Structure formats: C-alpha cells, structure tokens
Colleague: 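Right, I'll just put the structure down here and ask away after.
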Amino acid sequence: IGKPNYDQEPSYRFVCQRGAANVLDWEVVRSMSDRYSEITIVGQGSSAGGYHAQPTTVKGAKFKVTVKDPDLIARGVKRSLILADNDVQSRADAQRRAESEMGHRRLQGLTIRLTVPGFKQADRIYAIDTIAQVKIPSARIDGLFYVTQRRFLEERSGRRTQLTLHQPKVWLA
C-alpha cells in the first residue's frame with residue numbers, strides 16, 4: 001500500500017449554492033481542540049538494560065524534534081505541545097512520531113461530509129483515494145479535498161452516497 005496521490009486531477013465537482021447544487025446535504029466540521037502550532041517529541045532512547053528509572057524530560061532528552069503546522073503559523077496561532085516518548089531510539093524515530101502526531105491533529109482540523117444523489121458522477125463511481133473540487137460559499141469552502149470515506153445507501157426513495165473529505169497533504173504528505 002502506497003501513499004495517497006494528492007497530485008491527481010479532481011474526479012468530482014460538488015457545488016452547494018442556490019441554482020447549482022448537486023449535493024443533497026452537507027456538514028463542515030472545524031476543530032481546534034487538538035491542533036498545535038508546534039509539537040515537540042522528546043526521547044531518551046534505550047539504556048544498556050533497556051529500562052529507564054526516570055522518565056524522559058525536555059532538559060535531559062537525548063533526542064528532541066519539533067514540527068510546525070504551517071496553517072496555524074500563518075494565522076499567528078501560538079500553541080505548543082511537548083510529548084515524551086521513551087520508546088524513541090533515534091532522531092529519525094522522533095521525527096516520524098512528531099510528523100505522525102501533527103498529521104493526525106491536522107486531519108481532524110477540517111472534515112467535510114457530503115450526501116450526494118446516486119452512486120456516481122458523470123459515469124464515474126464515487127471512490128476513496130480521489131480528489132474532489134468542493135464549493136460551499138456559506139461555509140467559506142472552495143478548493144480541492146481528498147475523499148477518505150464513502151458509504152453507498154439504497155432506500156425506497158432512491159440511491160445516495162455519503163462522502164467524507166479532508167484537506168489534501170495533511171496526512172501522509
């Protein structure tokens with residue numbers, strides 16, 4: 001399994017505005033609760049016996065890596081998080097852990113859920129790992145988003161698809 005292809009052309013276009021809507025229902029969820037402008041991972045690595053009598057501290061850390069959230073930095077938000085991880089064995093481990101933490105938190109920062117008619121758009125079935133152009137003026141959304149989940153629904157009233165989208169390049173960049 002490889003990384004997502006964020007550079008692909010948009011497969012779908014969704015517009016949520018009067019006169020041009022091709023979306024039955026939509027929800028935009030923004031969350032700052034777990035977002036930080038910078039995350040620092042500190043780690044000690046293993047000692048000869050593989051056991052640490054004392055937990056890692058920032059001052060005594062053997063490995064220390066800080067990653068930054070470019071979106072929050074650009075908006076002037078200053079919010080820091082320091083995480084101690086005694087399983088970190090190298091600077092590369094600390095870097096991976098820091099990037100993973102930041103990716104998870106950025107991913108939760110913006111979620112778009114759309115319910116659209118049918119199972120496909122322009123003869124193309126809705127699929128995950130694709131890019132969609134989304135325009136929702138009332139939510140200040142206009143851009144490319146990555147389809148991370150889909151759910152097909154068939155009822156007496158007809159077919160619908162529920163899609164979950166996130167910003168591209170915030171997770172597994």
Side-chain angles (χ1 to χ4, degrees), residues 1-41 65-77 79 81 83 90-155 157-173:
I1 296 175
K3 288 186 175 185
N5 177 7
Y6 293 126
D7 297 323
Q8 62 186 294
E9 291 296 314
S11 298
Y12 317 107
R13 290 184 176 23
F14 302 109
V15 179
C16 303
Q17 66 185 31
R18 190 176 305 184
N22 62 348
V23 175
L24 301 172
D25 193 22
W26 60 270
E27 176 185 29
V28 174
V29 178
R30 291 181 169 96
S31 175
M32 282 290 294
S33 62
D34 282 336
R35 300 255 334 247
Y36 295 89
S37 56
E38 62 180 39
I39 296 177
T40 300
I41 300 294
V65 172
T66 300
V67 295
K68 298 179 186 251
D69 183 332
D71 299 333
L72 295 184
I73 297 290
R75 291 175 20 207
V77 175
R79 204 168 165 221
L81 175 67
L83 297 171
S90 66
R91 181 167 170 68
D93 283 351
Q95 184 74 36
R96 277 190 294 277
R97 170 77 194 277
E99 289 171 356
S100 175
E101 286 288 336
M102 185 63 78
H104 280 294
R105 293 161 194 280
R106 290 185 71 203
L107 187 67
Q108 300 307 315
L110 175 64
T111 302
I112 300 172
R113 292 185 186 90
L114 303 175
T115 302
V116 296
F119 292 163
K120 56 187 174 178
Q121 186 179 85
D123 295 329
R124 184 175 176 135
I125 195 160
Y126 293 117
I128 60 171
D129 298 327
T130 55
I131 299 291
Q133 173 72 41
V134 180
K135 185 172 185 174
I136 309 173
S138 60
R140 296 183 321 255
I141 299 288
D142 187 2
L144 299 177
F145 294 88
Y146 189 68
V147 180
T148 58
Q149 295 177 349
R150 72 153 184 223
R151 181 175 177 209
F152 296 127
L153 302 169
E154 187 165 19
E155 300 169 340
S157 59
R159 292 178 168 179
R160 301 180 318 222
T161 303
Q162 293 175 334
L163 300 167
T164 302
L165 301 98
H166 293 280
Q167 293 175 292
K169 299 183 181 179
V170 297
W171 178 242
L172 296 177

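Keep in mind that what you see is a predicted model, and the values were worked out from it rather than measured. Note that these values count all heavy atoms, side chains included, but never hydrogens, waters or copies made by symmetry.
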Colleague: Return the set of residues passing side chain to side chain contact (heavy atoms under 4.5 Å, CB included) with Ser157 (not counting sequence neighbours), or none when no residue passes.
Modeller: Glu155
Colleague: Under 3.5 Å, side-chain donor or acceptor atoms of residues 116-128 against the rest of the protein: list the pairs with distances, not counting sequence neighbours.
Modeller:
residue, atom, partner, partner atom, Å
Gln121, OE1, Arg13, N, 2.8
Gln121, NE2, Arg13, O, 2.9
Arg124, NH2, Ser11, OG, 3.3

Colleague: Just so I know, are the side chains of Gln95 and Val67 near enough to count as touching, which here means a heavy-atom distance under 4.5 Å?
Modeller: yes
Colleague: Let me confirm one number: the OG1-CG distance from Thr40 to Leu81, rounded to the nearest 0.5 Å.
Modeller: 8.0 Å
Colleague: Does anything in residues 103-113 pair up under salt bridge (Lys or Arg N to Asp or Glu O under 4.0 Å), and if so which pairs, sequence neighbours excluded?
Modeller: Glu27-Arg113, Asp69-Arg106, Asp71-Arg106, Glu101-Arg105
Colleague: Any chance you could lay out the side chain to side chain contact (heavy atoms under 4.5 Å, CB included) test for Lys169 and Asp7, step after step, and finish with the verdict?
Modeller: CA-CA 10 Å; Lys169 299 183 181 179; Asp7 297 323; 3.5 Å; yes
Colleague: Taking the side chain from Arg97 and the backbone from Leu83, do they hold a donor-acceptor pair closer than 3.5 Å?
Modeller: no
Colleague: Going by the rule side chain to side chain contact (heavy atoms under 4.5 Å, CB included), which residues pair with Thr115 if we only count those two or more places apart in sequence or in a different chain?
Modeller: Leu24, Asp25, Arg160, Gln162
Colleague: For Arg30, look at atom CZ and say whether over 12 heavy atoms of other residues, nucleotides or ligands are found less than 6.0 Å away.
Modeller: yes
Colleague: What's the shortest heavy-atom distance between Leu72 and Ser37, and which atoms?
Modeller: CD1-N, 3.7 Å
Colleague: For a quick test of reading the model, state the closest non-hydrogen atom pair linking Ala139 to Val28 and the distance between them.
Modeller: CB-CG2, 3.9 Å
Colleague: For Asp34, check side chain to side chain donor-acceptor pair (under 3.5 Å) against everything at least two apart and list the hits.
Modeller: none
Colleague: Start with the C-alpha gap between Gln133 and Asp142, add the side-chain angles, then the distance that decides, and say whether side chain to side chain contact (heavy atoms under 4.5 Å, CB included) holds.
Modeller: CA-CA 7 Å; Gln133 173 72 41; Asp142 187 2; 3.2 Å; yes
Colleague: Under the side chain to side chain donor-acceptor pair (under 3.5 Å) rule, collect the residues that match up with Thr111, sequence neighbours excluded.
Modeller: none
Colleague: What distance do Thr130 atom OG1 and Glu9 atom CD have between them, rounded to the nearest 0.5 Å?
Modeller: 13.0 Å
Colleague: With a 3.5 Å distance limit and no angle check, can you tell me whether Asn22 reaches the backbone of Val15 through a side-chain donor-acceptor pair?
Modeller: yes
Colleague: Tell me, please, which residues at least two apart from Tyr146 pass ring-ring contact (aromatic ring centres under 6.0 Å, His included).
Modeller: Tyr6
Colleague: Give me the atom names and distance for the closest heavy-atom approach of Pro137 to Cys16.
Modeller: CD-O, 3.5 Å
Colleague: Go through the structure and list residues passing side chain to side chain donor-acceptor pair (under 3.5 Å) with Gln8, not counting sequence neighbours.
Modeller: none
Colleague: Closer than 3.5 angstrom, by distance alone: can the side chain of His166 be matched with the main-chain N or O of Leu110 as a donor-acceptor pair?
Modeller: yes
Colleague: Give the minimum heavy-atom separation between Leu165 and Ala132, together with the two atoms involved.
Modeller: CD2-CB, 3.8 Å
Colleague: I need the Arg79 CZ to Ile73 CD1 distance, nearest 0.5 Å.
Modeller: 13.0 Å
Colleague: When rounded to the nearest 0.5 angstrom, what distance separates NZ in Lys135 from CD in Gln17?
Modeller: 5.0 Å
Colleague: Tell me, please, which residues at least two apart from Arg159 pass salt bridge (charged side-chain N to carboxylate O under 4.0 Å, His left out).
Modeller: Glu154
Colleague: Quick one: list whatever passes salt bridge (charged side-chain N to carboxylate O under 4.0 Å, His left out) with Arg96, sequence neighbours left out.
Modeller: Asp93
Colleague: For Arg91, look at atom CZ and say whether over 12 heavy atoms of other residues, nucleotides or ligands are found less than 6.0 Å away.
Modeller: no
Colleague: Among all residues two or more places apart in sequence or in another chain, which pass the side chain to side chain contact (heavy atoms under 4.5 Å, CB included) test with Glu38?
Modeller: Thr66, Lys68, Ser80
Colleague: Does Phe14 form a side chain to side chain contact (heavy atoms under 4.5 Å, CB included) with Leu163? I'd like the steps, not just the answer.
Modeller: CA-CA 11 Å; Phe14 302 109; Leu163 300 167; 3.6 Å; yes
Colleague: Please name all residues satisfying side chain to side chain donor-acceptor pair (under 3.5 Å) with Ser138, sequence neighbours left out, ordered by chain then number.
Modeller: none
